[in-house]
Amino acid sequence: MAETPTTTLWLGRAVFLGIALVLIFSQLVPLNLEPGGWAPPDLLLAVTLAWAARRPDFAPFIVIAALFLLTDLLFQRPPGLWAALVLILTEVLRARAKRIRDIPLLLEWGSVAVGILAITVVNRIVLAIVMMPQAPLGLTLIQMLMTIAVYPVVVIVAHVLFGVSRPAPGAVDSLGHRL
(Lines give C-alpha, C1' and ligand atoms only; values in the text may rest on other atoms or scores of the structure.)
Protein backbone atom coordinates (compact mmCIF):
# COMPACT_ATOMS: atom_id res chain seq x y z
CA MET A 1 0.00 0.00 0.00
CA ALA A 2 1.33 3.42 -0.92
CA GLU A 3 2.06 5.76 1.90
CA THR A 4 -0.03 8.90 2.00
CA PRO A 5 1.50 12.18 3.10
CA THR A 6 -0.40 11.94 6.40
CA THR A 7 0.98 8.47 7.07
CA THR A 8 4.48 9.68 6.25
CA LEU A 9 4.05 12.62 8.60
CA TRP A 10 2.91 10.51 11.55
CA LEU A 11 5.50 7.84 10.85
CA GLY A 12 8.24 10.50 10.82
CA ARG A 13 6.98 11.91 14.11
CA ALA A 14 6.85 8.44 15.67
CA VAL A 15 10.39 7.68 14.51
CA PHE A 16 11.64 10.97 15.97
CA LEU A 17 9.92 10.32 19.29
CA GLY A 18 11.18 6.73 19.40
CA ILE A 19 14.78 7.74 18.70
CA ALA A 20 14.57 10.49 21.33
CA LEU A 21 13.23 8.12 23.98
CA VAL A 22 15.93 5.55 23.20
CA LEU A 23 18.61 8.24 23.52
CA ILE A 24 17.20 9.43 26.85
CA PHE A 25 17.00 5.88 28.17
CA SER A 26 20.56 5.11 27.03
CA GLN A 27 21.85 8.13 28.96
CA LEU A 28 20.07 6.94 32.10
CA VAL A 29 21.52 3.42 32.02
CA PRO A 30 24.67 3.36 34.16
CA LEU A 31 27.28 1.67 31.98
CA ASN A 32 30.31 3.07 33.77
CA LEU A 33 30.16 4.42 37.30
CA GLU A 34 33.51 6.21 37.15
CA PRO A 35 33.53 9.81 35.98
CA GLY A 36 35.11 10.24 32.58
CA GLY A 37 37.62 12.79 31.45
CA TRP A 38 35.51 13.86 28.51
CA ALA A 39 31.87 14.52 27.79
CA PRO A 40 30.10 12.65 25.00
CA PRO A 41 28.10 14.58 22.38
CA ASP A 42 24.50 15.49 23.10
CA LEU A 43 22.97 13.16 20.53
CA LEU A 44 19.43 14.13 21.48
CA LEU A 45 20.21 17.74 20.61
CA ALA A 46 21.89 16.74 17.33
CA VAL A 47 18.96 14.52 16.30
CA THR A 48 16.45 17.20 17.22
CA LEU A 49 18.29 19.86 15.24
CA ALA A 50 18.68 17.55 12.24
CA TRP A 51 14.94 16.82 12.25
CA ALA A 52 14.08 20.51 12.78
CA ALA A 53 16.35 21.69 9.98
CA ARG A 54 15.49 19.01 7.44
CA ARG A 55 11.88 18.05 8.19
CA PRO A 56 10.39 20.48 10.72
CA ASP A 57 6.96 18.87 10.36
CA PHE A 58 8.40 15.63 11.82
CA ALA A 59 9.49 17.37 15.04
CA PRO A 60 6.49 19.27 16.47
CA PHE A 61 7.00 22.06 18.97
CA ILE A 62 5.12 20.32 21.78
CA VAL A 63 7.08 17.06 21.41
CA ILE A 64 10.42 18.89 21.55
CA ALA A 65 9.25 20.87 24.58
CA ALA A 66 8.07 17.74 26.40
CA LEU A 67 11.22 15.76 25.58
CA PHE A 68 13.66 18.41 26.72
CA LEU A 69 11.64 19.27 29.81
CA LEU A 70 11.70 15.56 30.63
CA THR A 71 15.48 15.51 30.18
CA ASP A 72 15.82 18.57 32.41
CA LEU A 73 13.94 16.76 35.14
CA LEU A 74 15.64 13.39 34.69
CA PHE A 75 19.18 14.78 34.44
CA GLN A 76 18.61 17.22 37.33
CA ARG A 77 19.18 20.40 35.36
CA PRO A 78 17.25 23.60 36.10
CA PRO A 79 13.77 22.77 34.77
CA GLY A 80 12.95 24.56 31.56
CA LEU A 81 16.18 26.44 30.87
CA TRP A 82 17.77 24.01 28.42
CA ALA A 83 14.34 23.10 27.05
CA ALA A 84 13.58 26.76 26.32
CA LEU A 85 16.95 27.33 24.66
CA VAL A 86 16.55 24.25 22.45
CA LEU A 87 13.01 25.32 21.55
CA ILE A 88 14.24 28.76 20.52
CA LEU A 89 16.96 27.22 18.35
CA THR A 90 14.61 24.70 16.74
CA GLU A 91 12.09 27.44 15.98
CA VAL A 92 14.83 29.53 14.36
CA LEU A 93 15.79 26.51 12.25
CA ARG A 94 12.13 25.81 11.49
CA ALA A 95 11.67 29.40 10.29
CA ARG A 96 14.75 29.07 8.09
CA ALA A 97 13.91 25.58 6.81
CA LYS A 98 12.92 26.79 3.33
CA ARG A 99 16.21 28.70 2.97
CA ILE A 100 18.23 25.83 4.43
CA ARG A 101 16.65 23.51 1.84
CA ASP A 102 18.70 25.13 -0.94
CA ILE A 103 22.10 25.28 0.76
CA PRO A 104 24.75 22.58 0.94
CA LEU A 105 25.25 20.46 4.06
CA LEU A 106 28.39 22.40 4.99
CA LEU A 107 26.46 25.67 5.34
CA GLU A 108 23.62 23.94 7.17
CA TRP A 109 26.22 22.48 9.54
CA GLY A 110 27.64 25.97 10.08
CA SER A 111 24.21 27.38 10.90
CA VAL A 112 23.54 24.59 13.38
CA ALA A 113 27.02 25.00 14.88
CA VAL A 114 26.42 28.71 15.51
CA GLY A 115 23.09 27.84 17.12
CA ILE A 116 24.64 25.20 19.38
CA LEU A 117 27.39 27.63 20.37
CA ALA A 118 24.82 30.33 21.13
CA ILE A 119 22.58 28.18 23.34
CA THR A 120 25.59 26.73 25.17
CA VAL A 121 26.95 30.20 25.96
CA VAL A 122 23.52 31.53 27.00
CA ASN A 123 22.98 28.48 29.22
CA ARG A 124 26.34 29.01 30.96
CA ILE A 125 25.69 32.73 31.41
CA VAL A 126 22.22 32.21 32.88
CA LEU A 127 23.51 29.52 35.24
CA ALA A 128 26.35 31.81 36.30
CA ILE A 129 23.95 34.70 36.94
CA VAL A 130 21.76 32.61 39.22
CA MET A 131 24.87 31.02 40.79
CA MET A 132 23.99 27.42 39.98
CA PRO A 133 26.74 24.82 40.12
CA GLN A 134 27.99 24.02 36.63
CA ALA A 135 30.09 21.41 34.91
CA PRO A 136 33.67 22.50 34.31
CA LEU A 137 34.06 24.78 31.30
CA GLY A 138 36.35 22.28 29.60
CA LEU A 139 33.75 19.51 29.72
CA THR A 140 31.07 21.86 28.43
CA LEU A 141 33.27 22.91 25.52
CA ILE A 142 34.15 19.30 24.71
CA GLN A 143 30.47 18.32 24.68
CA MET A 144 29.58 21.31 22.52
CA LEU A 145 32.37 20.59 20.02
CA MET A 146 31.55 16.88 19.94
CA THR A 147 27.87 17.67 19.30
CA ILE A 148 28.82 20.00 16.46
CA ALA A 149 31.22 17.40 15.04
CA VAL A 150 28.65 14.58 15.15
CA TYR A 151 25.90 16.61 13.42
CA PRO A 152 26.81 15.60 9.82
CA VAL A 153 26.93 11.95 10.87
CA VAL A 154 23.45 12.29 12.44
CA VAL A 155 22.15 13.91 9.24
CA ILE A 156 23.58 11.13 7.06
CA VAL A 157 22.21 8.38 9.34
CA ALA A 158 18.82 10.10 9.47
CA HIS A 159 18.76 10.31 5.69
CA VAL A 160 19.97 6.77 4.98
CA LEU A 161 18.18 4.83 7.73
CA PHE A 162 15.05 6.88 8.35
CA GLY A 163 14.54 8.79 5.09
CA VAL A 164 14.69 12.21 6.72
CA SER A 165 15.63 14.46 3.87
CA ARG A 166 14.78 17.94 2.82
CA PRO A 167 11.46 18.17 1.00
CA ALA A 168 11.73 18.71 -2.72
CA PRO A 169 10.86 22.15 -4.06
CA GLY A 170 7.13 22.26 -4.66
CA ALA A 171 6.35 19.38 -2.28
CA VAL A 172 3.01 19.65 -0.49
CA ASP A 173 1.49 18.03 2.60
CA SER A 174 -1.82 16.18 2.77
CA LEU A 175 -3.74 19.46 2.94
CA GLY A 176 -1.99 20.97 -0.07
CA HIS A 177 0.23 23.31 1.91
CA ARG A 178 3.76 23.78 0.61
CA LEU A 179 6.47 22.17 2.72
Side-chain angles (χ1 to χ4, degrees), residues 1-29 40-75 80 82-119 143-144 146-179:
M1 182 172 140
E3 289 187 23
T4 63
T6 304
T7 306
T8 304
L9 174 70
W10 285 103
L11 185 62
R13 289 177 177 177
V15 167
F16 171 70
L17 185 61
I19 291 171
L21 291 175
V22 165
L23 289 173
I24 292 169
F25 178 74
S26 68
Q27 288 179 353
L28 290 173
V29 174
D42 189 348
L43 289 177
L44 180 60
L45 178 63
V47 166
T48 302
L49 295 179
W51 254 255
R54 298 200 152 237
R55 287 305 295 261
D57 53 334
F58 285 180
F61 178 84
I62 193 72
V63 172
I64 295 172
L67 284 172
F68 279 91
L69 186 58
L70 177 68
T71 60
D72 284 349
L73 297 173
L74 290 174
F75 302 143
W82 188 246
L85 293 173
V86 171
L87 277 174
I88 291 169
L89 179 55
T90 56
E91 288 305 306
V92 168
L93 288 175
R94 190 182 315 268
R96 297 183 54 170
K98 289 185 181 176
R99 284 181 266 154
I100 290 176
R101 176 186 307 177
D102 301 329
I103 64 175
L105 177 62
L106 190 61
L107 291 177
E108 175 187 339
W109 186 18
S111 298
V112 169
V114 168
I116 292 171
L117 174 67
I119 65 172
Q143 183 176 36
M144 179 190 68
M146 295 286 288
T147 304
I148 291 170
V150 80
Y151 180 78
V153 175
V154 169
V155 167
I156 291 168
V157 168
H159 178 69
V160 171
L161 292 182
F162 304 111
V164 177
S165 60
R166 299 174 185 156
V172 295
D173 64 7
S174 62
L175 299 176
H177 300 118
R178 295 181 70 100
L179 294 176

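None of the values given here were measured: they were computed from a predicted structure. As a basis for the values below, the full set of heavy atoms in this structure was taken, side chains included, without hydrogen atoms, waters or symmetry mates.
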Note, Thr147 side chain near Leu49 side chain (heavy atom, < 4.5 Å): no
Check: residues 12-22 side-chain donor-acceptor pairs under 3.5 Å, at least two apart:
| residue | atom | partner | partner atom | Å |
| --- | --- | --- | --- | --- |
| Arg13 | NE | Asp57 | O | 2.9 |
| Arg13 | NH2 | Asp57 | O | 3.3 |

Counterpart residues, side chain to side chain contact (heavy atoms under 4.5 Å, CB included), relative to Leu117 (two or more places apart): Val121, Met144
Side chain to side chain donor-acceptor pair (under 3.5 Å) contacts touching residues 104-118 (sequence neighbours left out): Arg54-Glu108, Glu108-Tyr151, Glu108-Arg166
Qualifying side chain to side chain donor-acceptor pair (under 3.5 Å) pairs, either residue in residues 59-69, two or more places apart: none
From Met146 atom CE to Ile116 atom CD1, the distance as rounded to the nearest 0.5 Å: 12.5 Å
Where Gly80 and Leu69 come nearest, the two heavy atoms and their spacing: N-CD1, 3.7 Å
Working for side-chain contact (heavy atoms from CB on, under 4.5 Å), residues Leu45 and Ile119: CA-CA 11 Å; Leu45 178 63; Ile119 65 172; 4.2 Å; yes
The single option from Leu87, Thr48, Ile24, Thr90 passing side chain to side chain contact (heavy atoms under 4.5 Å, CB included) against Phe68: Thr48
Salt bridge (charged side-chain N to carboxylate O under 4.0 Å, His left out) against Arg94, all qualifying residues, sequence neighbours excluded: Glu91
Contact summary for Ala83 and Ala65, nearest pair of heavy atoms: CB-O, 4.5 Å
Non-hydrogen side-chain atoms of Leu43 and Val150 separated by less than 4.5 Å: yes
Minimum heavy-atom distance Phe75-Leu28, with the two atoms named: CE2-CD2, 3.4 Å
Results of salt bridge (charged side-chain N to carboxylate O under 4.0 Å, His left out) for Asp72 - residues two or more places apart only: Arg77
side-chain contact (heavy atoms from CB on, under 4.5 Å) assessment of Thr71 paired with Leu67: CA-CA 6 Å; Thr71 60; Leu67 284 172; 5.7 Å; no
Close side-chain approach of Trp51 and Phe162, heavy atoms under 4.5 Å: yes
